[in-house]
Amino acid sequence: MAQIFHKSFNSLSKISIVGGALVALTAVGYAALLFNRSPYVTQQGVVREQPVPFSHDHHVAGLGIDCRFCHTTVEVSAKAGIPPTKTCMGCHSQVWKDAEILEPVRESFREDKSIEWLRVHDLPDFVYFDHSIHIKKGVGCESCHGRVDRMPLMLRENTLNMEWCLECHRDPIKNLRPREAVYEMDWTTQFFEKTRAASLDANGHPQKNDLEIQRELEALQQNLAREYGVHTQVNCSICHR
Amino acid sequence: MKPILHSRLSQALVLASALVFTTACRQDMHDQPKYKADGASAFFADGRNNRKAVPNTVARGHLNEDDHLYRGRIDGKFAETYPFEITAEILQRGRARYAIYCQPCHSPQGDGNGVIVQRGMKRPPSYHIERLQQSPPGYFFDVLTNGFGAMYDYADRINVEDRWAITAYVQTLQLSQNTKASDLTPEERAKLTAATKPK
């Protein structure tokens, strides 16, 4: 009987076994990568059930309280710091002082027991992170934590993966803003609005279009990078010490 | 036929696919047993990592003997002077700190009608009443350091230098709210007219 398969099929069949295995492995590997970036692993966008439903939306956007009123050490140390109960009671011993939802806060104050806030952001312990350097170099809270002023409950805006840190560290300049504006939310939009308003002519027509304002913004950021001394930082040892 | 798992290739494949599963879980190096700020402790009775100083001890370099600087007093009386020179830079610092820590209740002008007061906080007195106008810097420093009535203290949130800077800014506010236009120099008055002119 004539051979159905040519002799070369011997090697082809071997190759296809190995190749198939490789494809399967790659697929599994890729799935693992996707899985590692999924909110299930990174906890991106996941809201925690906190002991008290503290609202940044209410306190930051509604009442206009500065981040540093509560996160007092953010400018000077690695940790931003979670406020002690006393900070809440500075207002809530008077405001909403009988509200049911604030009972855990009052109890914590009465009995000198910490409120057990659950961490929303948590880097692995082998990573070194420091808030103060980012604040000093003009990176806004918003660039990493998102629109905190629109969060009725705190959530993680970004993955906190290494690739996320590096994406900015490779080219940090487009994330810079003046130091005074670090705590502001929606700063870029404000910059556009202010620049446009400043360019109005006598008839109330803006003399600058969005492209020109964008260029102005980039020029400002280049200047800030020079003034604050901001460089690309991708050396492994700055984050893994 | 050889058992499947005995071939080199399949062993390698099994090992390689096992590697995949190690990436997704949190290992010991992710959560090391070291103590970090604000964390929970299974060791200390109060469950906190953050420790207070043991009673009746003083941290090295924190004896704080200088009554003027640390308590705003000279010979037991509220200091009439500042413990260091107040420069324009320090005033700017005081202004920025005031905006963070005081403005929510005392308002930008210091009249005591801040946002929080409008939502039910006890209304603080205006800084511009006679009694506070007459109060020395040491008094304001003392209010910040030890609190006053319904107002809690800020000693653990604002450091000593910044408390003095805020004091200086509050006194500047008092001055600014009680200065008449006729007290200004002609240049200053020109600036004022330009700034308040309706556009």
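Note that this is a predicted model, so its numbers are computed, not measured. Here is how names work: the chains are called A, B, and so on, in the same order as the sequence lines, proteins then strands, and each is numbered from 1.
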Margin query: Looking only at heavy atoms and a cut-off of under 4.5 Å, which of A:Asp112, A:Ile65, A:Val127 has the most pairs with chain B?
Written below: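 The option with the most such pairs is A:Asp112.
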Check: Which one of A:Glu116, A:Lys113, A:Met89 has the most heavy-atom pairs closer than 4.5 Å to chain B?
Finding: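 The answer is A:Met89.
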Margin query: Restricting to non-hydrogen atoms, name the atom on A:Ser132 and the atom on A:Val76 that form the minimum distance, rounded to 0.1 Å.
Written below: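 Result for this residue pair: CB-C, 3.8 Å.
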Next item on the list: Would you name the heavy atoms of A:Glu75 and A:Tyr183 that are closest together and state the gap between them?
Entry: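 Looks like CG-OH, 3.0 Å.
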Item checked: Toward chain B: residues of residues 53-60 of chain A with heavy atoms under 4.5 Å ->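 From residues 53-60 of chain A, none sit under 4.5 Å of chain B.
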Under 4.5 Å from any heavy atom of chain A - which part of [X]:
| X | answer |
| --- | --- |
| B:Arg48 | side chain |
| B:Asp46 | neither |
| B:Asp156 | side chain |

Check: Just checking, is any N or O donor in the side chain of B:Tyr139 or B:Glu80 under 3.5 Å from an acceptor N or O on the other one?
Finding: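 Side chains of B:Tyr139 and B:Glu80: no pair found under 3.5 Å.
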Check: Is the A:His131 ring parallel, tilted or perpendicular to the A:Phe129 ring (thresholds 30°, 60°)?
Finding: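 A:His131 and A:Phe129: perpendicular rings.
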Notebook entry, point to check: Looking at side-chain heavy atoms only, is the closest gap between B:Thr145 and B:Tyr70 below 4.5 Å?
Noted result: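 Result no, sub-4.5 Å side-chain heavy-atom pair not found.
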Next item on the list: Decide yes or no for A:Asp125 and B:His30: does some side-chain heavy atom of the first lie under 4.5 Å from some side-chain heavy atom of the second?
Entry: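 No, too far: nothing below the 4.5 Å cut-off.
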Item checked: Under 4.5 Å from a heavy atom of chain B, the part of A:Lys97 involved ->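 Interface part for A:Lys97: neither.
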Notebook entry, point to check: Checking A:Thr73 against chain B: side chain, backbone, both or neither under 4.5 Å from a heavy atom?
Noted result: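 Interface part for A:Thr73: neither.
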Side-chain donor-acceptor contacts of residues 89-96 of chain B below 3.5 Å, not counting sequence neighbours, with atom names and distances?
from, atom 1, to, atom 2, distance (Å)
B:Arg93, NE, B:Asp162, OD1, 3.0
B:Arg93, NH2, B:Asp162, OD2, 2.7

Item checked: Chi angles and distances behind the side chain to side chain donor-acceptor pair (under 3.5 Å) call for A:Thr159, A:Thr42 -> CA-CA 5 Å; A:Thr159 60; A:Thr42 64; 6.0 Å; no
Check: Any salt bridge between B:Asp153 and A:Lys86, counting N to O under 4.0 Å?
Finding: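 A:Lys86 and B:Asp153: salt-bridged.
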